[in-house]
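Proteins get letters first, then strands, A, B, ... in listed order; numbering begins at 1 in each. Values below: all heavy atoms of this structure, side chains included; hydrogens, waters and symmetry mates excluded.
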Amino acid sequence: MAATGDEAAAMDSISRVPVSHPAGLSLAGASSSHGEGAEPAAESLLSVPKKPSTNSDGGVETAEEAVEPAEPDINELCTDMFEKMAVFLQGELTATCEDYRLLENMNKLTSLKYMEMKDISINISRNLQDLNNKYASLQPYLDQINQIEEQVSALEQAAYKLDTYSKKLEAKFKKLEKR
Amino acid sequence: MTSAESQPRFGQSVKGLLSDKVGSCSGDVIALTRQVLKGSRSQELLGQAARNMVIQEDAILHSEDSLRKMSIITTHLQYQQEAIQKNVEHSKNLQDQLRHLLK
């Protein structure tokens, strides 16, 4: 980057005398307090652009560093920049948080579904136990039905025998009638 | 990393250096945030969880459907049991009549 006229004059003055403290460059190390660091830099930059003046103090020429006047809205720009960066970083982290929240909601819905299924299973189990007990109480009746079935079979056999005997009797009677 | 860049370079103003520094710090913070997210492996875990949920959902729906059918079948069995109960109470009279017939 080519230095401008003012910057070239500043460079000349700097090259001639040792620079006491580069105020602008001190911000490089200040990572925690950007706002605070910006203010003194802004204050130093907002100071009147001092022309490099030479003072002779004990035979040593001194000069003051030439600084550019700061923009009047630099504080607002810095604040705006940091606010937007904070919003961006928060958005980056919020995305993952929202994904976890979605997963949490899905798990909650699944657990609710499992609880409903558990209730249905409990009802089915209770109903089947009652049914088994009722069917157990019906067992004597089922035995009676078996006995009835056997008795009906015996009755049917008796009816067949009676029918055969009556037919034989009828045939004998007819034979006797013919004589 | 930053100490080498913080030294004034020939031809660069303090303002330019400052803006570069701020830009690089911003980039570093963003990269750090992304590295933290990447290191937590949250995307992998969430993806795996979503895949498992999709596989499980089909089984859950099928199980729920089967349970509801079982409850309906149980209700029908109860109705049938009540009908059987009502009808077998007549069997005692029937048995007495048959016993008399067979005597």
Interatomic spacing from CD in B/Gln81 to CD in B/Gln85 - rounded to 0.5 Å: 5.5 Å
Note: A/Glu104-A/Arg101 ion pair, threshold 4.0 Å (strictly below): no
Contacting region of A/Met117 [heavy-atom separation from chain B under 4.5 Å]: both
Residue selection (most heavy-atom pairs with chain B, distance under 4.5 Å) from A/Ile124, A/Leu142, A/Val152, A/Leu93: A/Ile124
Portion of A/Tyr100 that has a non-hydrogen atom of chain B nearer than 4.5 angstrom: both
A/Gln90 atom CD, neighbour heavy-atom count above 12 within 6.0 Å: no
Any side-chain donor near an acceptor of the partner, B/Glu44 and B/Gln48, under 3.5 Å: no
Residue among A/Asn127, A/Leu102, A/Asp130 with most heavy-atom pairs under 4.5 Å to chain B: A/Asn127
Side chain, backbone, both or neither of B/Thr33 within contact of chain A (heavy atoms, under 4.5 Å): side chain
A/Gln129-A/Arg126 side chain donor-acceptor pair, cut-off 3.5 Å: no
Option in B/Leu45, B/Thr74, B/Val29 with maximal non-hydrogen atom pairs under 4.5 Å from chain A: B/Thr74
Residue among B/Gln78, B/Gln56, B/Gln43 with most heavy-atom pairs under 4.5 Å to chain A: B/Gln78
Joint hydrophobic cluster, B/Val88 plus A/Tyr135, side-chain heavy atoms closer than 4.5 Å: yes
Side chain / backbone / both / neither for B/Leu46 at chain A, heavy atoms under 4.5 Å: side chain
Side chain / backbone / both / neither for A/Asn107 at chain B, heavy atoms under 4.5 Å: both
Which portion of A/Lys113 sits near chain B, non-hydrogen atoms under 4.5 angstrom: side chain
Side chain / backbone / both / neither for B/Met70 at chain A, heavy atoms under 4.5 Å: both
Heavy-atom proximity to chain A below 4.5 Å, by part of B/Glu57: neither
Chain B contacts, top residue of A/Leu103, A/Ile120, A/Leu138 (heavy-atom pairs, under 4.5 Å): A/Leu138
B/Leu77 portion near chain A, given a 4.5 angstrom heavy-atom threshold: both
A/Ser153 side, atom OG; A/Ile148 side, atom CD1 - distance, nearest 0.5 Å: 12.0 Å
Could you go through residues 163-173 of chain A and list every donor-acceptor pair under 3.5 Å that involves a side-chain atom there, pairing it with any protein atom two or more places apart or in another chain?
unit_1: A/Thr164; atom_1: OG1; unit_2: A/Tyr160; atom_2: O; d: 2.8
unit_1: A/Ser166; atom_1: OG; unit_2: A/Leu162; atom_2: O; d: 3.1
unit_1: A/Ser166; atom_1: OG; unit_2: A/Asp163; atom_2: O; d: 2.8

Single-linkage hydrophobic cluster, 4.5 Å side-chain cutoff, A/Leu128 and B/Leu67 together: yes
Proximity breakdown for B/Ser40 and chain A, heavy-atom pairs closer than 4.5 Å: neither
A/Lys84/A/Asp80 under side chain to side chain contact (heavy atoms under 4.5 Å, CB included): CA gap, chis, key distance, verdict: CA-CA 6 Å; A/Lys84 284 179 180 170; A/Asp80 190 31; 3.2 Å; yes
Region of A/Ile145 in contact with chain B, defined by heavy-atom distances below 4.5 Å: side chain
Chain B contact via A/Leu155 - side chain, backbone, both or neither, heavy atoms under 4.5 Å: both
More than 12 heavy atoms of other groups within 6.0 Å of A/Asn105 CG: yes
